[in-house]
Every structure is written in C-alpha cells, then in structure tokens.
Protein chains: 2
Amino acid sequence: MNVPPSPASPTSAPAPSRRELNKAATRQAITDAALSLLRSKGPGGFTAEDIAEAAGISRRTFFNYFSSTDAALASVTHGFLDIVIRQLELRPAEEPLLEAAQAALMALADPKTVEPLAELFALTQHSQLMAHTDLEAWDHCRTQVFAVARDRVARAPDGADELYVHALAGSVISCGKAAMEVWFSRRGTDLSPESLAELRQLLIDAMALLGSGFSPPAAATAAPAPSAPRSS
Amino acid sequence: MNVPPSPASPTSAPAPSRRELNKAATRQAITDAALSLLRSKGPGGFTAEDIAEAAGISRRTFFNYFSSTDAALASVTHGFLDIVIRQLELRPAEEPLLEAAQAALMALADPKTVEPLAELFALTQHSQLMAHTDLEAWDHCRTQVFAVARDRVARAPDGADELYVHALAGSVISCGKAAMEVWFSRRGTDLSPESLAELRQLLIDAMALLGSGFSPPAAATAAPAPSAPRSS
DNA sequence: TCACACTCTTACACTACGTGCAACTTTGCA
DNA sequence: TGCAAAGTTGCACGTAGTGTAAGAGTGTGA
C-alpha cells in the first residue's frame, strides 16, 4: 500500500509530505476499490472487508478512513460538491448569491467532474442504500452554501435575516439537486457535449426559476433553449 | 403487549380490527419507549434491545416494526410531516402550490402537532445521530410534495416542466425546514401562543420569500410582524 | 363451539458493522 | 542513528440487522 519513492512533482502545495501522500493514496485506493466492487457486485453486494481486501489494507484501516461502506462511496459525491463550493467561494462577494451560484454550477458541466457522479448515480439509481449518506453529502453542501450566503448578506442587528439565509441556501441546493436529477433521468451517463449543454441549461433554468419565484407554471425550457446564457 | 378488550369506539374507520389495533398499539409503545429512553439516556445511550425491553416486546419484533433505533425516533418526524402532506392534499387543486403550501403549513402551529417534534429536536440538537433518518424523513416528504405538485401543474407534452416540479417541491421543503430550524433555534421547546405565532409567521415569510424569488436581501420579518396574515 | 388458516411474535443462529486497545511498522526530525 | 509521533494491523467485544422455524394469537366458516 505504500507509495513507491516517485519524485512527486513539487508543483504548488506547501508540504506534500510522505505521510500525506500515503494517506491520500490509500484514500484513493479505497474509493477506487469501492467503486470497482459497486460495478461488479452491485449495491449491497459487498462488505467493508471486501473493500479493504481489494484496496490492499486491513478492515480496521478501512474504518480509520471511512465510517462505513456508504461513506466510502459518498466521497464521490462529496468531491463533486466540494468543487462547486470552491467555485462559489471564488465569486466576488458583492455578486448576488443566485448569480454566483449559477456561475459556480457551470463548473459541473466539465466531463471530468460529473463523470464519477454520473456513474455512481447510474449504479445506485434504484437502490436506497446510498440514500442515507448521499443525502448527508448534499446537506453538508447546504451548510457550506449557508456559510457563503451568511457572509454575503448584510447582517440585520436582531438576526432577522436568519430565515432568509437558511431558506435561500436550502433552496439553492434543492434546485441544483433537481437539475442534476432531471439531467440524470433524461441522459443517464451520457457525457456528450450536447448532454452537458443540456445540464448547463438545466442548472441555469433552475436558478432562474428560483430567482423568479417560480412564477409561470408553464414557463419551462427544453434542451438547448433560448434562455439567458449568462456565464463566465 | 396486547390490548385489553376495551370497547374500541367505532367512530369512523372502516375496519379497526383487533390485529390492526394491536399493531398500532405496539408501534406506539415502541416509539414511546424510544422517546422515553432518549430523554433518560440521551442520543446513542441505548440499544434496540433496550427499546424492545422497555416496550415489552422482543428485539426481533422491534425490527419487524422499525429497521433501526433511528427509524423508531424518526417516526415522530414522519408523523409530523404526514400531517402537513394530508393538509396539502386537501387544498383545492386550482390553488397555486405556494399558497396551498402556506395554508397547509399553518396546521403545524398547533401545539399538539409540533410538541413531539420540538422535543425530539431539543433532545437531539447537538448530535448527528438523527441526521441520517431525519434527512430521509424530510426527503420522503419532498417526494410527497412532488407528487402533489406534479398533479397540479399542466403537463407539457415533452416533460419540459419536470425541472419546474422537482425544483419547486425541493424548495418548498427546504423553506419549510428552514422556518422550523430558525424557530427551534430561537424558541427551543417554547410552545406558548406567542412562540407559535412566530412559527406561523416564519412559515408564511418563508413561502413568501420563495414566491418573491428572494428578491430583497434585507427584507425580513422579525417576530409578530406586519406581513400578510393570510391563513384559514 | 370447534377446527383450520392466517398473521404475528419469539428464540436462535449467523453475518457484518464499528470501535477500543495494544502491539508493531513507518515516517519525521534532530 | 536514535527517538518520538503517526499510521497500520490483529484481536476482541458489543451491537445491528436478517433468515428461519416453532409457537401463540386472531379471523372465519362449518
């Protein structure tokens, strides 16, 4: 399980020490093994011990990295959502949150980003075994969005905008999730440019729906439609 | 565990047979026992066997009713959310969903309805042991709202409003949840009329925020404030 | 009232989960 | 090189959750 003494490229990070490299490699080996087993055995068809064996570590070590098999798989979702959060934090502070979210979500249209999540979704589609941990991942993302939103909203003295920030953060997550779900259900694991364009459009439309208060019950957009293509 | 041969009042239900009464009583006994143990031992301080013993049944029977200790406690949340869904389904079909949701949510301001949830929240506040199953309960409610919303929206031929319904249902849930969270964090288990009035107002405001597209980042309402008091 | 079918409960056994603990090995640093 | 910190591993233990078969309770028709 140890990393061979490869001359790790000292690109940018402050201190990619040996220990951290080993841990990262082990962590990656675990998620790879878990995903591989999910492909071959299906959801629920393997145990924590199976993952550990496939990753070349002991069962005990597996639990040092992840608290459950679900958590190992949900790391895919976490990684996916972390990218969005990082993009969101990069947006200028004075930008309205909905626009910032819309812009940040565009990062999801990158094939390399969505591919793992799309596969995970396809493999666990009709099984609620992932539901637990996956919902947690989205909820964790919600708290991140909440933190970003809180810092952007002018604080009322008595915390009167508590509701505003909570509701907004939750709704942004719900709409993003809705866009992903609709895309998955329509295109499955299709990562073609047209499919990704549709995902982009769905994300834009979802944020637009939120910004317009869901006004017109019939105003919807199909695939590469003519709605506001405002992005970076 | 069996119900004494009490002359069950034949009020309305079609067939409250003995078996169903027993099952309902057992189910109730389990949740009561679980809640009682939660009060005395705190979250994570008891096992499924403890609950079974307290409820006067075997451990195996406990698992015939609930799939986990969390699920037994989350039945409180489920019961709470079921009330809202039932209210929502009673609203006239032509009423806009946001208004229907706002009206349905008013049922939550009833002390008897919120009391169990408020206590559960207070007892599990700083412990994510409930997170799993509680998130599932809210997500289950989301699917119910989705079903209601789907039936109310004029179906576009190509399913172009899929996104609309998904996003709306998720956002309604998120906003309702946000209102509950803010209320809990402000008033704890305070069930006084003023506190319930504030909850009512928070729910109204949350739906209003959603309907207005979260337009004014500073337009929030404090406690018994002067915003639209439309209710039944 | 009895007998039979159906449903629910229970005990038992078994696999898997998740964690505390105490060796043991690897890494970082002087 | 030697020591301390960090990480890995095997072991043991209690708990979760489920299959199974036997037994107790309940509904129904003769």
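What you see is a predicted model; the values in this text were computed from it and never measured.
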Ignoring hydrogens and geometry beyond distance, is a side-chain donor-acceptor pair present between B:S174 and A:S174 at under 3.5 Å? yes
Both A:K23 and B:F46 contact DNA chain D. Taking the nearest nucleotide for each, which residue is further toward the 5' end? A:K23
Any A:Y65 side-chain N or O less than 4.0 Å from OP1/OP2 of D:dG7: no
Any protein N or O atoms within reach of nucleotides 28-30 of chain C? Criterion: under 3.5 Å, listing atom names and distances.
{"residue": "C:dG28", "atom": "OP1", "partner": "A:R18", "partner atom": "N", "Å": "2.7"}
{"residue": "C:dG28", "atom": "OP1", "partner": "A:R19", "partner atom": "N", "Å": "3.2"}

Indicate whether OP1 or OP2 belonging to C:dT9 is found under 4.0 Å from a side-chain N or O atom of B:T61. no
Quiz question: by atom type and distance under 3.5 Å, do the side chains of A:D70 and A:S68 form a donor-acceptor pair? no
Strictly by salt bridge (charged side-chain N to carboxylate O under 4.0 Å, His left out), give each pair with a member in residues 33-49 of chain A just once, sequence neighbours left out. A:R39-A:E119
Dump the pairs, protein N or O against N or O of nucleotides 18-20 of chain D, anything under 3.5 Å, distances to one decimal.
{"residue": "D:dG19", "atom": "N7", "partner": "B:R60", "partner atom": "NH2", "Å": "3.2"}
{"residue": "D:dG19", "atom": "O6", "partner": "B:R60", "partner atom": "NE", "Å": "2.9"}

Inspect the surroundings of CD in B:Q144 and state if more than 12 heavy atoms from other residues, nucleotides or ligands are less than 6.0 Å away. yes
CD (A:E181) with more than 12 external heavy atoms under 6.0 Å: yes
Is it true that B:W183 and B:S195 share a donor-acceptor pair across their side chains at a distance under 3.5 Å? yes
Look at the side-chain N and O atoms of B:N22 and state whether any lies under 4.0 Å from the OP1 or OP2 oxygen of C:dC8. no
Donor-acceptor side-chain pairing of A:S58 and A:T61 below 3.5 angstrom: yes
Given the rule in the salt bridge (Lys or Arg N to Asp or Glu O under 4.0 Å) test, do B:R186 and A:E162 qualify, once you have shown the distances and angles that lead to the verdict? CA-CA 10 Å; B:R186 282 190 194 162; A:E162 251 182 310; 3.3 Å; yes
